[in-house]
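Below, read A as the first sequence line, B as the second, and so on, with proteins coming before strands; counting in each chain starts at 1.
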Number of protein chains: 2
Amino acid sequence: MKIKVIVTLKNGVLDPQGKAIQQTLNGMGFSEVNQVRQGKYFDIEVGETDENEAKFKVDEMCKKLLANLVIEDYKIL
Amino acid sequence: MKIKVIVTLKNGVLDPQGKAIQQTLNGMGFSEVNQVRQGKYFDIEVGETDENEAKFKVDEMCKKLLANLVIEDYKIL
């Protein structure tokens, strides 16, 4: 079973990479772009047939490895 | 209006970073993880009130900057 996870920086945490992308887009003529925030995406293939069980496992992985909860939030899709 | 984009490696393109994460998870006791693929996530704040217009703009940004279409796919959420 494939579980998708998105890890994003918390609001208020500076995102220089996103800022650089925004400035580049503005410079390319996309002047309507006001802000870009970049995050990470994970596609995790878990050997579980039960969706809830798989999501529970992935939640643990997020807490232990994939996300730094001090500065990041995660969302399991 | 905020538009979310996910950029992933195409199937068949090697993902050493995902592989490293998978091996780390396995080593941490998550032995049921068979594969991990990592991608990028963007939260783009576009100064457009019309959703279709905003998505059209973001589609152009993906083609021109955010995704490398030779090895990556993108999905606008």
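Among A:Ile21, A:Val58, A:Asp43, the residue with the largest count of heavy-atom pairs under 4.5 Å with chain B is A:Asp43. Counting heavy-atom pairs under 4.5 Å between each of B:Gln22, B:Lys40, B:Glu32, B:Lys2 and chain A puts B:Glu32 at the top. Annotation: maximal heavy-atom pairing with chain A below 4.5 Å, among B:Val7, B:Ile3, B:Val46, occurs at B:Val46.
Heavy-atom distances place the side chain of B:Thr8, and not its backbone, under 4.5 Å from chain A. The contact between B:Phe42 and chain A is made by backbone and side chain atoms together, counting heavy-atom distances below 4.5 Å. Contacts between B:Leu66 and chain A at a heavy-atom distance below 4.5 Å involve the side chain alone, from C-beta outward. Heavy atoms closer than 4.5 Å to chain A are found in both the backbone and the side chain of B:Ile44.
In the hydrophobic cluster analysis, where Ile, Leu, Val, Met, Phe, Trp and Tyr join through side-chain heavy atoms closer than 4.5 angstrom, B:Tyr41 is grouped apart from B:Met1. B:Phe30 and A:Tyr74 fall within the same hydrophobic cluster, defined by Ile, Leu, Val, Met, Phe, Trp and Tyr side-chain heavy atoms under 4.5 Å apart, directly or through other members. Under a hydrophobic clustering in which Ile, Leu, Val, Met, Phe, Trp and Tyr are joined whenever their side-chain heavy atoms come within less than 4.5 Å, directly or via other members, A:Val5 and B:Leu77 fall into different clusters. Each of A:Val13 and A:Leu69 belongs to its own hydrophobic cluster when Ile, Leu, Val, Met, Phe, Trp and Tyr are linked at side-chain heavy-atom distances under 4.5 angstrom.
Heavy-atom neighbours of A:Gln17 CD from other residues, nucleotides or ligands within 6.0 Å: at or below the threshold of 12.
Between A:Leu25 and the options B:Glu60, B:Lys64, B:Lys57, B:Met61, a side-chain contact (heavy atoms from CB on, under 4.5 Å) holds for only B:Met61. When each of A:Asn34, A:Val33, A:Val36 is paired with B:Glu45, the side-chain contact (heavy atoms from CB on, under 4.5 Å) condition holds for A:Asn34 and for no other.
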